[in-house]
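On a predicted model such as this, the values are computed, not experimentally measured, just so you know.
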Amino acid sequence: MADTATWTEGKTFNDGSCRTYMKKIPSGPPWHLRVTRHGPEDGTFSDFWAVLGSNHAENELHSGPAMARYIPELSKATMMQAIDPGVMEVWSLHYALSSPFSPRTFTVLMVTHLEAVSPRQGWVISIPFDPKGDEALLSLEERGIRGRFAAVERLRELEDGTVEWRVATTTTIGGFVPDWVTSRAVPKAIAEDVLQFLAWMRQKRGKTAGSITEAGPSTSKAT
């Protein structure tokens, strides 16, 4: 994440509250970064970590009856394997993309870690995972054109009590879509994710009457 300080600055979104950056990679699609800061009106570090650091993929999908998804395109999330439950898990994420794109499936190894430091800092890291060769895991993977993405999220509590949320990501959605087409759309898409997440947080906070202290219910899980 320290390397992101040298990335090329891009557009700002959400009335200037979301800054984006990019780093070109010679051997693949570029990396994109978004940086946002959040005051108490958006939530505390504990509020953010409760849904980003716990059941991350499930919370992207939903948080219970009548709750909107904060990633609307995510139609199903299946935990394929819990290597270290709650810390290191394999997930199959199925996205229903808008026309003309067909549904895409991204299978990732997701790792979460909360550092024992003050101010607090937490990480959510997702890297592509290939279940080929393991028939039991492969049977749990959602059907659809396979895409690949990697993401590094850092949630940091600043000295003034605000929260900084950094997300660096790179993706290729597979099929016949060139990487440059996907890359052009990423900055706006990751900025919109922030607005959707904050609206979802406000809705969840209203339903739980206060700070968010627990994650949403389980989706499909392998045992």
Side-chain angles (χ1 to χ4, degrees), residues 13 20 25 28-32 34 51-52 55-83 88-112 124-153 167-200 203-204 215-223:
F13 297 90
T20 64
I25 305 296
W31 279 80
H32 294 271
R34 75 163 192 246
V51 292
L52 293 174
N55 296 333
H56 184 96
E58 294 175 350
N59 287 319
E60 287 187 336
L61 180 63
H62 64 67
S63 187
M67 289 292 289
R69 301 166 184 163
Y70 84 77
I71 303 293
E73 298 81 9
L74 181 59
S75 60
K76 190 173 183 180
T78 301
M79 189 175 73
M80 300 166 61
Q81 183 180 16
I83 300 170
M88 184 181 296
E89 300 171 342
V90 178
W91 284 86
S92 178
L93 308 174
H94 190 67
Y95 290 81
L97 304 181
S98 58
S99 179
F101 301 113
S102 301
R104 293 305 198 268
T105 294
F106 298 85
T107 300
V108 297
L109 173 66
M110 190 175 296
V111 179
T112 58
V124 181
I125 300 172
S126 303
I127 60 175
F129 182 90
D130 189 350
K132 291 180 181 177
D134 189 321
E135 292 301 321
L137 285 182
L138 194 60
S139 68
L140 298 171
E141 187 177 50
E142 295 300 322
R143 298 293 178 261
I145 297 174
R146 286 192 180 95
R148 293 167 62 87
F149 84 88
V152 179
E153 303 188 41
V167 178
T169 186
T170 183
T171 185
T172 177
I173 67 172
F176 297 103
V177 182
D179 287 337
W180 68 266
V181 173
T182 304
S183 181
R184 290 183 61 181
V186 169
K188 182 179 180 181
I190 59 178
E192 290 176 346
D193 287 347
V194 178
L195 297 180
Q196 292 166 174
F197 177 83
L198 294 177
W200 180 85
Q203 186 183 10
K204 186 172 177 68
S218 297
T219 55
S220 176
K221 292 188 177 182
T223 56

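- By the side-chain contact (heavy atoms from CB on, under 4.5 Å) test, Val177 pairs with Phe101, Arg104, Ile173, Val181, Thr182, sequence neighbours left out.
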Practice item. May I have the step-by-step check of side chain to side chain contact (heavy atoms under 4.5 Å, CB included) for Val167 and Ile190, ending in yes or no? Key: CA-CA 9 Å; Val167 178; Ile190 59 178; 5.8 Å; no
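- For the pair Pro30/Ser183, a side-chain contact is recorded, criterion being any heavy-atom separation below 4.5 Å from C-beta on.
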Check your understanding: Please walk me through it: do Val194 and Phe13 pass side chain to side chain contact (heavy atoms under 4.5 Å, CB included)?
Key -> CA-CA 10 Å; Val194 178; Phe13 297 90; over 6 Å; no
**Study point:** Check against side chain to side chain contact (heavy atoms under 4.5 Å, CB included), Leu195 and Glu192
**Key:** CA-CA 5 Å; Leu195 297 180; Glu192 290 176 346; 5.5 Å; no
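- Take Thr172 and apply the side-chain hydrogen bond (donor to acceptor under 3.5 Å, both in side chains) test, not counting sequence neighbours, and it matches Asp179.
- Between the CZ atom of Phe149 and the CG atom of Leu93 there is a distance of 5.5 Å, given to the nearest 0.5 Å.
- For Thr170, the side-chain hydrogen bond (donor to acceptor under 3.5 Å, both in side chains) criterion is met by no residue, not counting sequence neighbours.
- Considering every non-hydrogen atom in both Gly175 and Ile145, the closest pair reads N-CG2, 3.6 Å.
- Partners of Arg146 by salt bridge (Lys or Arg N to Asp or Glu O under 4.0 Å), not counting sequence neighbours, listed by chain and number: Glu141.
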Review point. Which is it for Thr20 and His32 under the side chain to side chain donor-acceptor pair (under 3.5 Å) test, yes or no, and what are the steps along the way?
Key: CA-CA 7 Å; Thr20 64; His32 294 271; over 6 Å; no
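- Atom CE of Met110 sits about 8.0 Å away from atom CD of Glu153, to the nearest 0.5 Å.
- By the side-chain hydrogen bond (donor to acceptor under 3.5 Å, both in side chains) test, Thr105 pairs with His94, sequence neighbours left out.
- Take Val90 and apply the side-chain contact (heavy atoms from CB on, under 4.5 Å) test, not counting sequence neighbours, and it matches Met80, Gln81, Ile83, Thr107, Leu109, Phe129.
- One distance of note links CE of Met88 with OG1 of Thr112; it measures 9.5 Å at 0.5 Å rounding.
- Take Pro128 and apply the side-chain contact (heavy atoms from CB on, under 4.5 Å) test, not counting sequence neighbours, and it matches Arg148, Ala150.
- Heavy-atom minimum distance, Ala82 versus Met79: CB-CE, 3.9 Å.
- Here the CG atom belonging to Asp193 is positioned 7.5 Å from the CD atom belonging to Glu73, to the nearest 0.5 angstrom.
- Not counting sequence neighbours, the partners of Asp134 by the side-chain contact (heavy atoms from CB on, under 4.5 Å) test are Ala136, Leu137.
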